[in-house]
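Notes to accompany the following structure.
As the structure is a computational prediction, the values presented were derived from the model and not from experiment.
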Amino acid sequence: MGLEIKELHAGYGKIEALHGVSLEVPDGDYVAVVGANGAGKSTLLKAISGTVRCFGGTIAFDGQELTRMPSHRIPACRIAHVPEGRQIFPRLSVLDNLMMGAWLVRDDGQRSERLRLVYDLFPRLRERAGQMAGTLSGGEQQMVAVGRALMLGPKLIMLDEPSQGLAPKLVNEMYEQLRQVHRLGTSVLLVEQNTTSALKYAARAYVMERGRIILSGASDELRDKDEIRRAYLGI
């Protein structure tokens with residue numbers, strides 16, 4: 001079934017930042033939300049995670065209503081959120097950071113299996129398992145943030161600007177690893193200002209502007225229409 005959002009209004013305090021946003025991420029899909037800084041993309045992910053107040057509309061995942069669900073219960077629905085800026089624990093080891101993502105997993109064998117999966121995706125994390133996460137490069141810290149989310153065993157992983165601050169080579173590497181995650185059956189909801197990379201890997205995309213969805217469609221269609229490229233995508 002996947003994620004379904006209908007006419008969502010959300011914001012901070014009394015300030016509304018999302019104005020009637022509707023979108024879908026069907027089970028197993030890879031969807032991007034693109035737009036300029038301040039368009040409301042991060043607020044959308046925070047609303048799904050329950051850390052931003054919803055004023056109206058609905059958020060449902062696999063048929064379960066999330067709109068009024070406390071934020072600490074969202075991960076149990078197998079929704080993982082990789083926030084903007086990584087927000088890892090710099091004074092904990094790489095391994096300890098990864099294991100923080102498995103706090104809901106009670107089975108030792110399952111935790112070990114997920115750790116093997118993360119290490120297979122990001123071999124450098126295996127090499128640096130005992131190193132303090134704050135001493136890693138920006139690209140390696142992003143790997144830790146994504147790996148921590150994968151330790152939950154999510155059905156849906158949401159990523160907020162994963163390419164931010166990374167060199168072009170590392171951006172391509174990160175997106176190839178996300179493609180592997182998707183191929184393993186995990187749905188992906190990606191928020192990006194890096195429109196070129198987002199549309200290259202996602203199957204479908206939504207364009208946000210000032211808290212509203214203004215365009216949606218297949219990524220290749222949005223990318224290939226010159227008027228859309230110039231007016232909305234900046235490419």
Side-chain angles (χ1 to χ4, degrees), residues 2-3 5 18 21 23-52 59 61 66 71 74-75 77-89 97-98 100-102 114 117-118 121-122 125 133 136-168 170-208 213 219:
L3 178 71
I5 299 174
L18 301 180
V21 170
L23 63 78
E24 295 182 358
V25 184
D27 192 29
D29 210 346
Y30 191 145
V31 174
V33 179
V34 299
N37 188 35
K41 306 184 304 298
S42 295
T43 303
L44 174 63
L45 297 192
K46 291 175 182 177
I48 298 168
S49 292
T51 58
V52 163
I59 305 170
F61 184 67
L66 305 183
S71 58
I74 300 296
C77 299
R78 296 181 65 190
I79 298 175
H81 185 176
V82 181
E84 184 178 10
R86 302 157 194 146
Q87 296 185 26
I88 62 172
F89 298 95
N97 268 273
L98 295 176
M100 291 290 285
R114 289 179 186 173
L117 170 65
V118 170
L121 284 170
F122 306 111
L125 298 187
L136 300 178
S137 69
E140 290 165 343
Q141 289 185 23
Q142 187 65 65
M143 294 176 195
V144 172
V146 175
R148 179 179 60 191
L150 293 175
M151 290 294 293
L152 177 66
K155 288 190 67 177
L156 170 67
I157 184 169
M158 306 189 301
L159 303 109
D160 193 346
E161 306 283 0
S163 69
Q164 188 178 64
L166 301 185
L170 291 178
V171 171
N172 291 334
E173 183 178 330
M174 174 63 63
Y175 273 107
E176 286 298 333
Q177 289 155 338
L178 291 178
R179 175 181 277 174
Q180 292 183 54
V181 170
H182 179 240
R183 285 173 176 168
L184 291 172
T186 304
S187 303
V188 178
L189 177 56
L190 170 71
V191 155
E192 265 287 14
Q193 287 188 66
N194 186 338
T195 305
T196 301
S197 294
L199 296 183
K200 177 181 177 182
Y201 289 92
R204 295 187 304 112
Y206 294 83
V207 181
M208 285 194 76
I213 300 293
S219 294

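Judged by distance alone, with hydrogens and angles left aside, the side-chain atoms of Arg114 form no donor-acceptor pair with the main-chain N or O of Leu150 at under 3.5 Å. The main-chain N or O of Ala202 is found under 3.5 Å from a side-chain atom of Ser219 such that the two form a donor-acceptor pair. Panel note: side chain His182, backbone Gly28; a donor-acceptor pair is recorded below 3.5 Å.
Taking each heavy atom of Asn194 and Glu192 in turn, the nearest pair found is N-OE1, 3.1 Å. Contact detail for Leu98 and Val144: the closest heavy-atom pair is CD2-O, 3.8 Å. The heavy-atom pair separating Ser42 from Val191 by the smallest distance is N-CG1, 4.4 Å. Here the shortest heavy-atom pairing between Gly139 and Met174 reads O-CE, 4.5 Å. Across every non-hydrogen atom of Ile5 and Val21, the tightest pair is CG2-O, 3.4 Å. The two residues Ile48 and Leu66 come nearest to each other via the heavy atoms O-CD1, 4.4 Å.
For Ala149, the side chain to side chain contact (heavy atoms under 4.5 Å, CB included) partners at least two apart in sequence or on another chain are Ala80, Val82, Ile157. Every side chain to side chain contact (heavy atoms under 4.5 Å, CB included) that Leu170 has, sequence neighbours left out, goes to Arg124, Leu166, Glu173. Residues that satisfy the side-chain hydrogen bond (donor to acceptor under 3.5 Å, both in side chains) test with Gln193, not counting sequence neighbours, are absent from this structure.
One distance of note links CE of Met158 with CD1 of Ile79; it measures 6.0 Å at 0.5 Å rounding. To the nearest 0.5 angstrom, Leu136 atom CG is 9.5 Å from Met143 atom CE. Between the CD1 atom in Ile213 and the CG atom in Leu44 there is a gap of 7.0 Å [rounded to 0.5 Å]. Taking CD of Glu161 as the reference point, atom CG of Asn37 lies at 7.5 Å (rounded to 0.5 Å). Note: Glu84 CD to Gln164 CD = 4.5 Å, rounded to the nearest 0.5 Å. Rounded to the nearest 0.5 Å, atoms CE (Met208) and OG1 (Thr43) are 7.5 Å apart.
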Next item on the list: Let me see the working for Leu3 and Leu156 under side-chain contact (heavy atoms from CB on, under 4.5 Å), right down to the final yes or no.
Entry: CA-CA 8 Å; Leu3 178 71; Leu156 170 67; 4.2 Å; yes

Notebook entry, point to check: Could you walk me through whether Asp160 and Lys41 pass the side-chain contact (heavy atoms from CB on, under 4.5 Å) check?
Noted result: CA-CA 8 Å; Asp160 193 346; Lys41 306 184 304 298; 5.7 Å; no

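Between Tyr201 and Tyr175, the two ring planes are parallel [angle under 30°; tilted spans 30° to 60°].
You'll find the side chain of Tyr30 reaches within 4.5 Å of the side chain of Leu178, heavy atoms only. At least one side-chain heavy atom of Asp29 sits less than 4.5 Å from a side-chain heavy atom of Arg204.
Each of Leu23, Leu190, Val25 was evaluated against Val33; a single residue qualifies, Leu23, per the side chain to side chain contact (heavy atoms under 4.5 Å, CB included) test.
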